[in-house]
Amino acid sequence: MNRTRRRLESSPEGVSRLTWFFRGVRRRGAYHALIVLRAVVQALPERLAHALFRFLADLVFITVGVHRRRALDNLHIAFPTMPQAQARWIVKRMLRNLARNAVEFIRFPLYSRQRILSMVTIDRKDIVDRLARDGRGAVAVSAHLGNWELLGAAIAAMGYKISVVARRIYYHRFEELLRGTRRAAGVRVVYRDEPKALLRALRDGQFLGILPDMDIVKLDSVYVEFFGRLALTPTGPVALALRTGVPLVPAFIVRNDDGSHRILVEEPLELIRTGNMQKDLLVNTMRATKAIERVIRKYPDQWMWMHRRWQ
């Protein structure tokens, strides 16, 4: 009888049916709240929506201590001599930047191609043109810096073929909403658990955007130095470039003081090939990570310091 009761009360994963039920209720509630929020942001004048989200960002800074403390702790790991007041200001600006990102992303379906193009400038467009003419495709390594979602949208608006590599969201309605918003901006989505789709995008001559600046336990990763401390870092972008022979290009987007954006493109990394794949993955992932670190050092208020990067 006890075994029967446990079987009835549990899901196949061992989670109780009651827990499973309330988890579904929370997800559906969060989804519908997000739909309402999206409708409000799209209905408001853009400047008013930005003002509202800036207020919410400042409120989060004051009230959500766990995220503020984690961001401050990470900043002190990266910049040990930074004064506390400066670190707090950077965290506050980071939250405001994320709030501006959210408004812009939610409004993607309202933006025309010309509107997106008016929001950005691009440094070293000649590199992008050269890679596009080459037709082999390229792996673009970026970071959760500036409005990274706008980076893909702007590249697409400029007429280049681009896909972004994403992970599937745990709740299918969130996934559909996110994918639909990206597609509205002309950005294709491929999933990291579909290797054939990744290769197909490169064979099609696309830019394949990947953000390897977070510690994701389920991915193949190596420990490399990041701001002077070892951090577990995904090797996927380097592995793709090594195995397919396509260029590995650092590319980032940052927000200017006037609210506009600037895309920063660097020359492709000269990949080291020794014939020892594990060594090559380590060395080249380290070099890609250094490129990410350099741009974060220049724009520390625009990176996601809340992530547990050093574990």
Side-chain angles (χ1 to χ4, degrees), residues 26-76 78-79 82-112 115-116 118-120 143-154 169 171 173-174 177-178 180-182 184-185 211 213-214 252-262 295-296 298-309:
R26 286 196 302 271
R27 289 176 177 176
R28 288 190 293 274
Y31 171 77
H32 290 297
L34 185 58
I35 291 297
V36 171
L37 181 64
R38 183 184 68 164
V40 170
V41 170
Q42 292 183 351
L44 286 174
E46 189 162 356
R47 294 183 68 176
L48 184 56
H50 279 303
L52 172 62
F53 271 59
R54 175 176 171 140
F55 167 77
L56 293 175
D58 289 348
L59 189 64
V60 168
F61 179 80
I62 294 169
T63 60
V64 186
V66 61
H67 293 316
R68 182 182 65 247
R69 286 191 297 272
R70 185 183 303 151
L72 288 169
D73 289 345
N74 285 338
L75 266 169
H76 287 307
F79 302 97
M82 180 178 287
Q84 180 73 0
Q86 183 181 355
R88 289 177 63 86
W89 178 235
I90 285 175
V91 173
K92 194 170 195 176
R93 284 177 61 89
M94 173 200 71
L95 290 170
R96 289 177 176 178
N97 182 65
L98 291 174
R100 291 184 70 94
N101 290 355
V103 171
E104 290 165 349
F105 183 69
I106 291 170
R107 294 178 69 89
F108 270 5
L110 305 182
Y111 292 158
S112 65
R115 171 74 171 101
I116 291 176
S118 73
M119 296 168 69
V120 301
H144 293 82
L145 180 88
N147 189 342
W148 60 90
E149 293 285 357
L150 183 60
L151 174 57
I169 304 299
Y171 184 47
R173 288 186 173 180
F174 284 138
L177 186 62
L178 183 60
T181 304
R182 286 168 170 161
L211 280 59
D213 60 328
M214 298 290 177
F252 309 97
I253 188 168
V254 295
R255 188 183 299 276
N256 299 317
D257 290 339
D258 63 0
S260 63
H261 305 263
R262 184 158 56 102
V295 73
I296 294 173
K298 291 182 181 178
Y299 306 95
D301 58 326
Q302 298 194 39
W303 190 62
M304 283 270 291
W305 292 102
M306 293 178 295
H307 173 68
R308 290 190 180 95
R309 189 65 185 93

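All values below come from the heavy atoms of this structure, side chains included, with hydrogens, waters and symmetry mates left out. FYI, the numbering just counts along the sequence from 1.
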Within the side chain of [X], is there an N or O that forms a donor-acceptor pair under 3.5 Å with the backbone of [Y]?
X	Y	answer
Asp258	Ser260	yes
Trp305	Pro300	yes
Glu149	Asn101	no

Is the closest side-chain heavy-atom distance between [X] and [Y] below 4.5 Å?
X	Y	answer
Leu98	Met304	yes
Gln86	Phe79	no
Ile296	Phe252	no
Asn147	Arg100	no
Leu72	Val91	yes
Val41	Phe53	yes
Arg255	Glu104	yes

Show every salt bridge (charged side-chain N to carboxylate O under 4.0 Å, His left out) that has at least one partner inside residues 40-53, sequence neighbours left out.
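Listed once each, the pairs are Glu46-Arg107, Glu46-Arg115.
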Once you round to the nearest 0.5 Å, how far does [atom1] of [X] lie from [atom2] of [Y]?
X	Y	atom1	atom2	result
Arg173	Leu34	CZ	CG	12.0 Å
Leu177	Arg182	CG	CZ	11.0 Å
His307	His144	NE2	NE2	8.5 Å

What ring pair (Phe, Tyr, Trp, His ring centres under 6.0 Å) pairs are there with at least one residue in residues 82-110, not counting sequence neighbours?
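Every ring pair (Phe, Tyr, Trp, His ring centres under 6.0 Å) pair that includes a residue of residues 82-110, provided the two are not neighbours, is Phe105-Phe108.
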Considering residues at least two apart in sequence or located in another chain, which fulfil the ring-ring contact (aromatic ring centres under 6.0 Å, His included) criterion with His50?
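His50 satisfies ring-ring contact (aromatic ring centres under 6.0 Å, His included) with no other residue.
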Return the set of residues passing salt bridge (charged side-chain N to carboxylate O under 4.0 Å, His left out) with Asp73 (not counting sequence neighbours), or none when no residue passes.
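Checked Asp73 against salt bridge (charged side-chain N to carboxylate O under 4.0 Å, His left out); zero matches.
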Under the salt bridge (charged side-chain N to carboxylate O under 4.0 Å, His left out) rule, collect the residues that match up with Arg38, sequence neighbours excluded.
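In terms of salt bridge (charged side-chain N to carboxylate O under 4.0 Å, His left out), with neighbours along the sequence ignored, Arg38 is linked to no residue.
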Reference residue Trp303; test side chain to side chain contact (heavy atoms under 4.5 Å, CB included); the match among Leu145, Asn97, Val295, Leu75:
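When side chain to side chain contact (heavy atoms under 4.5 Å, CB included) is applied between Trp303 and each of Leu145, Asn97, Val295, Leu75, only Leu145 qualifies.
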Do you know which two heavy atoms are closest between Pro109 and Thr181, and how far apart they sit?
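Smallest heavy-atom distance, with atoms named: CD-CG2, 4.3 Å.
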Give the minimum heavy-atom separation between Asp301 and Ile90, together with the two atoms involved.
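It is CA-CG2, 3.7 Å.
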Exercise answer: donor-acceptor pairs, residues 60-71 side-chain atoms, under 3.5 Å, sequence neighbours excluded:
residue : atom : partner : partner atom : Å
Thr63   : OG1  : Leu59   : O            : 2.7
Arg68   : NH1  : Phe61   : O            : 2.5
Arg68   : NH1  : Ile62   : O            : 3.3
Arg70   : NH1  : Met306  : O            : 3.3

Side chains of Arg309 and Asn74: donor-acceptor distance under 3.5 Å anywhere?
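No, no side-chain donor-acceptor pair sits under 3.5 Å.
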